[in-house]
Asker: 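I am attaching a structure below and will ask some questions about it afterwards.
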Amino acid sequence: MSAADAGTTAGASRHANGELREADRAAAPAETTPARIGVIGAGYVGLVTGVCLASLGNQVTLRDIDEGKVSALERGDVPIYEPGLDTLMADHRERLTYTLSLDHMLEQSDIVFIAVDTPPTYSGDADLSRVMTVLDELEATGADDRHILVMKSTVPVGTGERVRAELEARGLGKVGYASNPEFLKEGAAIEDFLAPDRVVVGDFEPQHGDAVEALYAPLEARVVRTSVPSAEMVKYASNAFLATKISFINEIANVCEEVGADVAVVAEGMGLDRRIGPAFLRAGVGFGGSCFPKDVTALKQLAGNSGYHFQLLTSVIEVNELQKRRVVNKLKKHLDTLEGRRVALLGLAFKPETDDMREASSLVLAARLMAEGTRVVAYDPVVTHPGDLVHGVLDAESVEAAVAGADAAVLVTEWTSIVESDWAALRETMSTPILIDGRNALDPAQMRDLGYVYEGIGRNGR
Ligand code: UGA
């Protein structure tokens, strides 16, 4: 138990014995005075956080070390693809400042969000070097007791306590600290920020948590106030649980294929049980992205470092890796050999509405097919030059161009524009009409009526 968990004396809003306490948002003031907010790291999380907080009326200074990014932001260019972000940024430009200077950001702000990368290291631990660099910089620049650091980056449980100790060691013991994990889905980040299921705030001293909670008051969201380690754990546990749900339904899909059941119906039937819920029960070619693979591995590693073998997560990761490759066997079943065949991959990003290719299932699939000697032609509405990511993959400018002359097509990412293609016309251009629906996004009966040899994931016989 941490020092914060043990604390019971720090005021009315404090949790007792480490248990989560949900603050009743209805009792909180709906209006707050605008805050002066700094954000360190204008990446995906930092930018969305900064722009959304500006949209709530706060003055926000975003600081990044990348000169190109800062000047792009100053010009009004959004360096990432996130629906709605450009409009929100433009609408609130008078409350948004971008800078390279930490000094300037500290002058302009009281509450400072840390939103730097914490990528996995070779050991599977999260790399905290960027967080530590920020602390070095804060020491050099001179943060003071006016400042509250708020950790938005996903960091291993225990990081807050480590940061506290590092601040003390640097003579910055008066700087406040709170943990406020992000739960943003790429492609829906603005909505997730402005209409969250919950806001989690962990603190060592309640006045710091109060200041962070006040920022979210206009959203009238459920707020969970807790200790810093518990807040850090909520983030990891949430992502690990969602990833587990996906691997679980993927395994159910694989069994459905063996026994002649349809996973879409099975998932619907399961999801109607309120204890299970319908979300994250879509079977497919596995989860990807910058969060699930990284966080599941980091939680497994974190447990291992403390002497606990998190067996379930080991399986979640393994099931996901195998799931990415299952399409290859499906193709082999229909084409005998993949050598010299032309296969179209439709959709490359790890999910629709993003240009993010990190840990995308398409990468593993493309590489596996290339290793089989297949000619891979790929199309994505946003991601271009796939050959830069997997050597030899050909870039197509449209679904039509990718599919023309192909021996098989694989729907990898369910972009609406791809799902809504003219499948009847596409079929006519294919060498053989084999269609593998890696996201169960198409209607099997309709595709078969159009003459496709259609296979989804776990949709045997339907
Ligand atoms: C995920 C979480 O959903 C967010 O709550 C969290 O804040 C974020 O990670 C993070 O830690 O920053 P994200 O990675 O953007 O968000 O994407 P998701 O929409 O969760 O999808 C992740 C992957 O799971 C995708 O590859 C998607 O195709 C796959 N997935 C999702 C399925 O295969 N089946 C499903 O039913 C749902």
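Ligands are counted one by one from 1 in listed order, and the atoms in each one are counted from 1 as well. If you read the sequence from its start, that first residue is 1, and numbering goes on from there.
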Asker: Should R368 and E372 count as an ion pair when the cut-off is N to O under 4.0 Å?
Answerer: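 Answer for the salt bridge query: yes.
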Asker: Indicate whether any N or O donor in one side chain lies under 3.5 Å from an N or O acceptor in the other, for N305 and Q301.
Answerer: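 Yes - a donor-acceptor pair under 3.5 Å links their side chains.
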Asker: Are any of the side-chain nitrogens in K235 or E232 under 4.0 Å away from the carboxylate oxygens of its partner?
Answerer: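 No, this pair does not count.
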Asker: Between Y177 and F204, what is the ring plane arrangement, given parallel below 30°, perpendicular above 60°, and tilted in between?
Answerer: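 Because their plane-to-plane angle lies in the 30° to 60° range, the rings of Y177 and F204 count as tilted.
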Asker: Hey, what do you get for SG (C52) to CG (L215), rounding to the nearest 0.5 Å?
Answerer: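 If we round to the nearest 0.5 Å, C52:SG and L215:CG are 12.5 Å apart.
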Asker: Compile the protein residues with any heavy atom at a distance under 4.0 Å from an atom of ligand 1; present them by chain, then by number.
Answerer: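 Answer by chain and number: E182, F183, L184, K185, E186, K235, N239, I246, F280, L281, R282, F287, G288, C291, F292, D295, F350, K351, R439.
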Asker: Would you call K351-E414 a salt bridge at under 4.0 Å N-O?
Answerer: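 So K351 does not pair with E414 through a salt bridge.
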